[in-house]
Each structure stands twice: as C-alpha cells, then as structure tokens.
Amino acid sequence: MSNTITLDYSIESSAIRAEIAQLQPQLVHWRRRLHQYPELGFQEILTADFIAEKLSDWGIDYQTQVAKTGIVATIHSNHEGKVLAIRADMDALPIQEENQVAYCSKHKGIMHGCGHDGHTAIALGIAHYLAHNRDKWQGTVKIIFQPAEEGPGGAKPMIEAGVLTNPRVDAIIGLHLWNNLPVGTIGVREGALMAAVECFKCTLFGKGGHGAMPHQTVDSVVLGAQIINGLQSIVSRNISPIDSAVVTVGQFHAGTALNVIADTAKMSGTVRYFNPKLEKLIGERIEAIIKGICESHGAKYELDYWQLYPPVINNSRITQLVKSVALEVVETPLGVVPECQTMGGEDMSFFLQEIPGCYFFLGSANEGKGLNYPHHHPRFDFDETVLSLGVEIFARCIEKFADFTI
Ligand code: NI
C-alpha cells in the first residue's frame with residue numbers, strides 16, 4: 001500500500017478538512033509504526049515513549065505514567081473556554097498476526113487486532129492539529145491515552161489518578177474504529193451503545209467413582225449439564241423481552257477417563273446486558289440456579305462473580321453534538337447509523353459514568369481492499385483513509401463544543 005492515501009468522500013471542502021488532509025501521510029506513518037510494535041495492557045512502554053516524543057516535539061504539556069503506562073496531554077487554545085477530553089486506548093492483543101503487510105507486527109504473539117493503533121494515531125493527529133492551530137479553537141482539550149482497554153482495564157485507574165480533574169473535564173468523547181461498518185460510516189446513538197461485561201467462574205464439587213456404579217457417586221458432569229441448561233432460562237424467563245442480555249458458558253472442563261465419574265467440574269462464562277438495572281439480577285439468578293441444583297444432588301460449589309465493565313451509556317446532549325458533526329462529514333447513503341449497538345464491552349463506560357460524553361463507532365471496513373476481517377481476528381486490518389476522518393470529526397466536535405450547552 002502506498003503512503004499517499006487521499007480521502008475519497010465527496011463532501012464540501014473546508015479549512016479544517018484541508019488542514020487535516022495534509023496530515024494523512026503522517027497519520028498512516030504513525031499508525032504503521034505503532035502497528036509494528038504492539039504491546040499488551042499496562043506494558044505500553046514503547047507506545048507511551050513514541051507518544052511522549054511527538055507531544056514534546058509539538059510543545060504540548062503532558063503527564064506520563066498515569067495508571068502505569070497512560071499519558072494525559074493538556075492542550076490550551078489561545079482562548080478561554082470549556083474543557084473537553086478525547087480518549088484513545090493504546091493496547092494490543094495476544095494474537096499472532098497473519099497479515100502479509102510491510103508494517104506487520106514485529107512482536108511475536110502480539111498484535112494490534114482491534115484498531116487501537118489507529119485510535120492512538122488519530123489522537124496524535126488531533127494533538128498535532130490543536131497544537132499548531134491554537135488560535136482556531138477555544139478552551140482546553142485533554143487527550144487521554146489509556147492503557148489496557150482489553151483488560152484488566154485502564155480507564156478506572158486513570159480516573160482514580162485524577163485525569164478528569166485539574167482542570168476539571170466538562171465532557172468526553174471517544175471513538176472505536178469499527179469493521180462491522182464500511183468506511184465512511186459513523187455509528188452513534190444516544191443511551192446504551194455497548195453492553196456491561198460480567199464474568200463468572202464456578203467449581204462444582206460432587207463425588208467421583210466408577211462409571212458403571214453411578215449410584216455411589218455425585219456426578220459433577222450431570223450437575224454441570226443441568227446448570228448450563230438452567231442458566232438458559234435467565235434471559236428467556238427472568239429478563240423482560242424488551243431488554244437484551246446474554247449468558248454464555250464459554251468453558252466447561254471435567255473428568256479424566258471415559259469410565260470414571262468426575263468428582264469436580266469447572267465452568268466459566270460471561271454475561272452481557274445494556275440496562276444498568278440488570279446489574280444485580282443476572283448474577284443473583286446464576287447463583288440461585290447453581291445453588292438449587294447442587295443442593296438437590298448433595299453437591300457443593302464455589303462461585304466467583306464479578307463485573308468487569310458497566311454498560312457504555314452515551315449522554316444525549318453530547319451525542320447530539322457528535323451526531324451533528326457526523327452528519328456534516330459523511331454523506332448518505334452510507335452516512336450515520338443509529339442502530340449500531342453491540343454486546344461487546346468497553347471501559348470507556350467508566351468515564352461516561354463520571355461525566356457527560358459520547359462514544360461512537362467510525363466505520364473502517366473496505367471489502368474491496370480485503371479490509372473487512374472482524375476485530376480480534378489474526379488478519380484484522382482497516383482502511384487507513386479513516387484516520388484523517390477521525391481527526392476531522394474530533395476537530396469539528398471541539399469547534400462546536402465551544403458554543404454548546406451541555
Ligand atoms: Ni477495541
């Protein structure tokens with residue numbers, strides 16, 4: 001692929017667009033560089049160094065080692081005004097890349113398989129634009145380069161470290177490149193965008209024995225099978241059909257031989273939902289089903305249940321702001337897609353619990369170029385023309401935010 005990629009959206013030109021279009025070759029260069037040196041959560045050392053070097057070059061104030069490897073850049077315009085934060089995650093995944101590209105990962109078994117390299121490049125792009133055009137916008141922008149989105153989560157420790165204070169942040173926006181949507185499309189909606197993520201691990205303690213003498217045993221495989229079936233009734237019978245939820249058992253391990261009844265079984269799974277009112281309900285129902293079935297068989301159990309991320313809930317006003325910008329920058333028939341909810345999770349949700357904000361999807365797939373593998377796939381890659389579009393959306397949001405009442 002060449003480095004001279006131009007935007008092929010036929011929309012009205014503007015000063016912002018012209019300025020940012022010039023950044024496109026650098027955006028591609030930064031993204032590819034980041035892509036070559038991916039790092040896992042809380043280990044983003046080369047990544048943070050790369051960001052810090054750029055911010056220093058551009059005369060931007062920043063703080064490093066926020067929640068271990070995070071960076072917060074604070075950029076002041078030449079005019080007083082509100083404080084808007086832009087959040088970009090920068091971690092990669094434990095996947096061996098299978099793409100045959102010049103900018104392929106140089107770190108064995110680690111890959112930017114979700115597009116966070118693109119998020120970081122876009123955040124660097126907006127930092128560059130803001131620092132070089134301090135007269136053209138108002139207020140202050142904080143750029144939050146967050147570690148460990150893929151787990152265990154860097155947003156919460158960054159909030160605890162005070163990233164939303166000093167100066168106090170009025171609102172936050174962030175984007176995820178999204179291969180479920182074609183490039184040139186923006187997925188944005190008020191309210192729930194992404195699901196809460198809860199997790200559980202359970203061990204069942206039965207009584208082992210001979211496969212031909214089940215009456216002497218408490219069969220943990222039979223117990224487990226009943227429990228897995230029982231869990232299916234939670235979504236179908238305890239959750240309103242108007243709400244959406246998922247209960248998935250992803251692992252079930254038991255037994256050592258075909259003629260031995262297993263004394264223990266282990267299972268683990270994940271729970272997803274949008275409605276914050278379901279926060280306690282599903283976990284309680286899971287435990288009640290496990291407890292009831294174990295008691296009926298004279299078995300015991302141990303259950304660990306925890307919430308990883310709450311649901312991503314977009315604030316109406318800030319979403320209206322993002323939507324109005326989206327309508328300006330992308331044209332129909334692709335355009336702005338409101339029905340873009342996913343049961344995937346994101347720790348952007350912690351920021352959105354603290355202050356008004358909006359998280360949105362920026363379509364990044366290009367089927368014609370073979371850039372449409374799903375996120376977390378060893379061949380995931382995206383259409384890099386999206387990079388300057390992302391910067392432009394942020395720049396226009398910042399411009400509009402100056403006169404915007406939350
Ligand atoms: Ni991601």
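As the structure lists them, so they are numbered: ligands from 1, and atoms in each ligand from 1.
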Which word best sums up how the rings of His116 and His112 line up, parallel for under 30°, tilted for 30 to 60°, or perpendicular for over 60°? tilted
Check Lys136 with Glu19, please: is the shortest side-chain N to carboxylate O separation under 4.0 Å? yes
Regarding Lys300 and the six-membered ring of Phe205, is the cationic atom NZ or CZ under 6.0 Å from the ring centre and inside 45° of its axis? no
Taking the six-membered ring of Phe404, is the NZ or CZ of Arg317 close enough (under 6.0 Å from the centre) and on axis enough (within 45°)? yes
Would you call the rings of Trp178 and His375 parallel, tilted or perpendicular, taking 30° and 60° as the class edges? tilted
Which protein N, O or S atoms lie under 2.8 Å from the Ni ion (ligand 1)? Cys114 SG, His116 NE2, His176 NE2
Taking Ser105 for the side chain and Ile110 for the main chain, is one N or O donor matched with an acceptor at less than 3.5 Å? yes
